[in-house]
Number of protein chains: 2
Amino acid sequence: MPRGARAHVLELLRHRIITLQIPPGAPLSENELAAQLGVSRTPVRESVILLAEQGLVSVVPQVGTYVAPLRLSDIASAQFVREALEVASLAEALDKVGDQDVADLRALVAAQRNAAPDAFFPLDEEFHLRLLSISGHASAWRAVSHAKAHLDRARHLSLPLPRQVDVLVDQHEAVVDALAQGRAEEATDALRTHLRKVFDDVAVVRQQHPDYFVDDPA
Amino acid sequence: MPRGARAHVLELLRHRIITLQIPPGAPLSENELAAQLGVSRTPVRESVILLAEQGLVSVVPQVGTYVAPLRLSDIASAQFVREALEVASLAEALDKVGDQDVADLRALVAAQRNAAPDAFFPLDEEFHLRLLSISGHASAWRAVSHAKAHLDRARHLSLPLPRQVDVLVDQHEAVVDALAQGRAEEATDALRTHLRKVFDDVAVVRQQHPDYFVDDPA
DNA sequence: GTCAGTCGGCTACCATACAAGTATGTCCCG
DNA sequence: CGGGACATACTTGTATGGTAGCCGACTGAC
């Protein structure tokens, strides 16, 4: 089997979980996945362990592993982490941003406007990674990405709506405008508003699929 | 072999790496570790994979696994993540803090004053976790902890000095005082100062053991 | 009908065996 | 003496086997 089976399996599982192709609460059998993907149990198991570390699956010894259900407390926690990191980065970026950075960001926003809904996801990721890079903290992307995974999963069903994407692109543009003009408070406020839109999206998804959610443990 | 070998091995390796019992750059053989710890390669390997995900070790396929060297860029990145999260949490905590919280924090600070240098580490962790809990974002501890691991490792050699510990406890007290009195700016500034002390400690360690460090990739 | 006991099948966990690639030390040749 | 090819001893990656424990369905007694 190919030499990088684990990376392949991990990426595939992660994608399927985030896009809700595998719904929250669904059981994951190591044997079944191994057979289905044409690899042995080892790379599958190692991928599952990594996904568990990231909180995307929950493994119960001797019982089974399940895709983590959507918990509002987890979503709030992930949002806190992401917002703290991106806002702190943006505050530093205000002093360091250059013309080339602004041009790159505007090009990304333009691409997002013309992109099909399916192509929006990677462009969105690149936009936020770019924001981190300006302040020189691109290496914090891993932490942001881990948090973002939970948020993207929780709102994934609401994204295909073209209207939603338009709103997001407008918010991106507002951040870039304020950043380019050096308006600190306006920029961070715009970013906060943008990031917190996830709560609205989650509320929509929650109505469509209440079975994906579980109540927070008291 | 004991049930839960992976958790045991992972905790042990992590501790040895953070405390520099295993120095940066040292090779880690899965076979050797398995024999030394009396378990098979499987739990060792799974632990190594998790440590690699956290950036504490670097595994080169078909060549070897090495404890990650100390990179100043990694340390700066970890510091950025930790500072952003803890400061954001503290800002929210100012509106939510109760008398019981302050009492608990003061008790922790008192315990830190009377603690032997070796016992300081867990008390320090509990203090910072407590700060997160006040704002209701205790679940962000995992992200903080991952970042903190790199910082603690980089300054571990400077901590046994009793004088250093006294300074840290004083800084803890300053944060608690400002938090109890509701002085927002003073509290966050005190926390920032406290967290950034790591750079001084790292400079000391760097002089003692320049071989543990590598230059940043240009 | 109801409940206790048991048995079968499933799970993840740990151990082991095999495969494939890399670095190194050695030997031979120029 | 210097350099290159090769054998060997490692490394991690993958595949497979065996074990302990949990869950559920079935059975039998009350």
Side-chain angles (χ1 to χ4, degrees), chain A residues 1-17 21-69 142 211 214 217, chain B residues 1-17 21-69 142 211 214 217:
Chain A
M1 279 305 128
R3 211 58 187 167
R6 179 173 80 238
H8 182 70
V9 171
L10 175 61
E11 209 55 38
L12 187 136
L13 280 181
R14 190 180 149 90
H15 183 262
R16 285 191 184 174
I17 291 175
Q21 289 175 31
I22 309 177
L28 287 185
S29 165
E30 289 180 5
N31 277 317
E32 190 179 339
L33 282 174
Q36 182 178 341
L37 301 178
V39 298
S40 96
R41 284 162 21 216
T42 303
V44 173
R45 172 175 170 77
E46 293 170 349
S47 297
V48 166
I49 291 175
L50 285 171
L51 291 172
E53 157 71 23
Q54 300 176 19
L56 288 177
V57 305
S58 166
V59 32
V60 184
Q62 323 305 343
V63 175
T65 70
Y66 306 89
V67 176
R142 287 195 79 83
D211 52 312
V214 298
Chain B
M1 281 305 126
R3 213 71 180 166
R6 179 173 80 238
H8 183 69
V9 172
L10 174 62
E11 210 54 39
L12 187 135
L13 280 181
R14 191 179 147 89
H15 182 262
R16 286 191 183 174
I17 291 175
Q21 289 174 31
I22 308 178
L28 288 184
S29 166
E30 291 179 3
N31 273 319
E32 190 180 340
L33 282 174
Q36 182 177 341
L37 301 178
V39 297
S40 110
R41 258 189 65 200
T42 304
V44 173
R45 171 173 173 75
E46 292 168 351
S47 297
V48 166
I49 291 175
L50 286 172
L51 291 172
E53 158 72 24
Q54 300 176 19
L56 289 176
V57 305
S58 166
V59 31
V60 184
Q62 322 305 345
V63 175
T65 304
Y66 306 90
V67 175
R142 288 195 80 82
D211 53 310
V214 297

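Just so you know, these numbers use all the heavy atoms, side chains as well, and skip hydrogens, waters and symmetry mates. By convention in this document, chain letters (A, B, ...) are assigned in the order of the sequence lines, proteins followed by strands, and residues within each chain are numbered from 1.
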Please report the interatomic distance CD(B:Gln54) to CZ(B:Arg142), rounded to the nearest 0.5 Å. 8.0 Å
What is the distance from CD of A:Glu30 to C1' of C:dA12, rounded to the nearest Å? 6 Å
Using modelled atom types only, decide if a donor and an acceptor are shared between the side chain of A:Thr65 and the backbone of A:Leu28 within a distance under 3.5 Å. yes
Heavy-atom contacts, protein to nucleotides 16-22 of chain C, under 4.0 Å, summarised as B (base), S (sugar-phosphate only) or - (none) per nt, yield BB--BBS
Find the distance A:Asn31:CG to D:dG18:P and express it as a whole number of Å. 15 Å
Integer-rounded Å distance: D:dT12 P and A:Arg6 CZ: 12 Å
Using a 4.0 Å heavy-atom cut-off across all strands, classify A:Ile49 as base, sugar-phosphate, or nothing. nothing
Gap between atom CG of A:Leu50 and atom CZ of A:Arg6 - 0.5 Å precision: 6.5 Å
Looking only at side-chain atoms of A:Arg45, point me to the closest of D:dA15, C:dA12, D:dT12. C:dA12
Inter-residue atom distance B:Leu56.CG - B:Arg16.CZ, 0.5 Å rounding: 15.0 Å
Are the side chains of A:Leu13 and A:Val57 in touch, meaning some heavy atoms are under 4.5 Å apart? no
Protein-nucleotide distance (A:Leu33, atom CG; C:dA12, atom C1'), rounded to Å: 13 Å
When rounded to whole Å, the NE2 to C1' distance for the pair A:His8 and D:dG13 reads 16 Å
Under 4.0 Å between a side-chain N or O of B:Ser29 and OP1 or OP2 of D:dC10? no
Gap separating the CD1 atom of B:Ile49 from the CD1 atom of A:Ile49, nearest 0.5 angstrom: 7.0 Å
Students often get this wrong, so: under 4.0 angstrom with heavy atoms, is B:Val59 touching a base, only sugar-phosphate, or nothing? sugar-phosphate
